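All figures in this text were calculated on a predicted structure; none of them were measured in a lab. Nothing fancy with the numbering, it's 1 onward along the sequence. As a basis for the values below, the full set of heavy atoms in this structure was taken, side chains included, without hydrogen atoms, waters or symmetry mates.
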Amino acid sequence: MKKGILLSLLAVSLLAGCSGGETKNSGSTSGSAEGSTIELTFWRPQASEVEDNVYVKRIEEFNQANQGKIHVKMEVITRGNSFAYEDKINAAVASHTLPDVLAMDGPNIANYAASEIIIPLDEYFSKEDLDDFVPSILQQGSYQGKFFAPGLNESSVVLFYNKKIMAEHGITPPDKIENAWTWDEWYDVMKKTSKDGVFGTNMINDKGEWMTYAFEQLWISGGTDIVNKEGTTAEGFVNSQKGVEAAAFLQKLANEKLFNIDPKPTEFEEGKAATKLGGPWNIPGFKNYPDLEWGITYFPKKPGGIQTAPSGSWAVGVSGDTKHPKEAAEVIKWITNKDSSTQLAQAISMPASRKSAFESLTEYNELPLRIIKEQVTGVSHARPVTPAYPVLTQKFAEALTDIMVGADVKKSLDNVASTFDDEYKRNFAE
């Protein structure tokens, strides 16, 4: 098949490719005679110490449970710069020395699958096992009807709110999903609270991947998306009338200065924003602001539209270079099973990727974390599943940033559509 182009979210790297009939040589497994231990390698990028420790523990337990049969060596890639991990993968693709198991950011799964960097896992997971993953993880991990990579955990974006500011204005944020604020209701809240040096909301995490991760959901809530379901075209989707309405809403908020387009990272924590679009990763830091009384409500939806929320996580797959796909799949099943999902969620304060894990995560049964669980298990949507995602997210982020500072909405979105469609046709169309 035609090889794709792997793009980091901020840089472009060409993957060496060839016809699908080429014989690949694995540089990551040792030869093994009948009955000897199969040696596998697992690559992943360095994370926080507490997260790294979970993986170390789970791999040690896997090796103990499979002693004499399978042994996994985990290699942690230090991310000295934003591209170090992706650069290492690119080099391994070119030399056919990929590890047996590799981690990847969720939106890149389709690119890896289309480029034959990873292989399908359907034969290794039972239907019951797959059904235990939250729906957005299955969506993120599937490409062209096949399942390639389960998520290690899940994420979500909620609307945090300052309880003191809400009380001052007589505002009661909804705590039932059927009563989630619409864009208009959220706008009214922002108008009421945006005064005296306080912004109505804080909604810019960064002007890169965040823009797609968070704001694509405005398109979905409006009944469209930024690309079609097949991930092959953006024309008539990102720049559709519904898409223009979503972007125009963001421009309206910017024009009325209801949010700071260049916010200080702790703007909400310091009481300078009444609400904040953020995720579970923000919560541990709230304890450093004892005067902050915070709550959580749902991701706002379009009036009469679909209730949705962002999602996405790092995932793991079996490389196309492995000589031992069955055994490599066993590693993936272990590192994403109920116990692993539970332990990781507890360690990093992020929601689990498996439904069954929430049985042990009882803190998600009550407010405020119940909001996150309801979104993750019921209404979340993954980012677009397309091998040309890196180009899409870069152009979409650029367009939204331009729109927020006054650029023509339709022309900006038209440019996203044409650039994405050209990229897909050039590198991924059969």
Taking every heavy atom of S360 against every heavy atom of T342, the minimum-distance pair comes out as CB-CG2, 3.8 Å

| query | Side chains of E267 and N260: donor-acceptor distance under 3.5 Å anywhere? | reply | yes

- Item | Y85 side-chain N/O to A103 backbone N/O, donor-acceptor pair under 3.5 Å | yes

Residue pairs meeting side chain to side chain donor-acceptor pair (under 3.5 Å), one or both in residues 400-411, sequence neighbours left out, come to K410-D414

Between V409 and Q251, is there a side-chain heavy-atom distance shorter than 4.5 Å? yes

E270 and T266: side chain donor to acceptor below 3.5 Å: yes

Assess K252 against Y187: is NZ or CZ under 6.0 Å from the centre of the six-membered ring, and within 45 degrees of the ring's axis?
-> yes

Q) According to the interplanar angle, ranging from 0 to 90°, do the rings of F268 and F160 count as parallel (below 30°), tilted (30 to 60°) or perpendicular (above 60°)? A) tilted

Open item on the list: Using modelled atom types and a 3.5 Å cut-off, is there a donor and acceptor pairing between side-chain atoms of N162 and backbone atoms of K164?
Closed with: yes

The side chain to side chain contact (heavy atoms under 4.5 Å, CB included) partner of L344 among T336, N153, D339 is N153

Item to complete: Please determine if K301 forms a cation-pi arrangement with W181, meaning its NZ or CZ atom is less than 6.0 Å from the six-membered ring centre and no more than 45° off the ring axis.
Response: no

field: Geometric class of the Y55/F42 ring pair [parallel <30°, tilted 30-60°, perpendicular >60°]
entry: perpendicular

> Parallel under 30°, tilted from 30 to 60°, perpendicular over 60°: which one fits the rings of F396 and W219?
Replying inline: perpendicular

So that I can tick it off, tell me whether K395 and E398 are bridged by a salt bridge, with the cut-off set at under 4.0 angstrom between side-chain N and carboxylate O. yes

With sequence neighbours left out, the residues meeting side-chain hydrogen bond (donor to acceptor under 3.5 Å, both in side chains) with D122 are none

Whether over 12 other heavy atoms sit under 6.0 Å from E178 CD | yes

inquiry  = Counting only heavy atoms from other residues, nucleotides and ligands, does the tally under 6.0 Å from NZ of K355 exceed 12?
reply    = yes

Handout entry: Parallel, tilted or perpendicular: ring planes of W281 versus Y213, cut at 30 and 60 degrees
Key = tilted

For Q217 and H381, the nearest pair of non-hydrogen atoms, with its separation, is NE2-O, 3.4 Å

Checklist entry - Going by atom types alone, do S380 and S311 pair a side-chain donor with an acceptor below 3.5 Å? => result no

Inset, instruction - Return yes when atom CD of E128 has more than 12 non-hydrogen atoms of other residues, nucleotides or ligands closer than 6.0 Å, and no otherwise. - result: no

Below 6.0 angstrom between ring centroids: does that apply to F259 and F199? no

Notebook entry, point to check: Would S353 and E154 count as having a side-chain donor-acceptor pair, cut-off 3.5 Å?
Noted result: no

Q. Are any non-hydrogen side-chain atoms of V189 and T201 less than 4.5 angstrom apart?
A. no

| N365 versus K373, side-chain donor and acceptor atoms under 3.5 Å | yes

Kindly indicate whether the side chain of F299, heavy atoms from C-beta on, has any atom under 4.5 Å from the side chain of V158. no

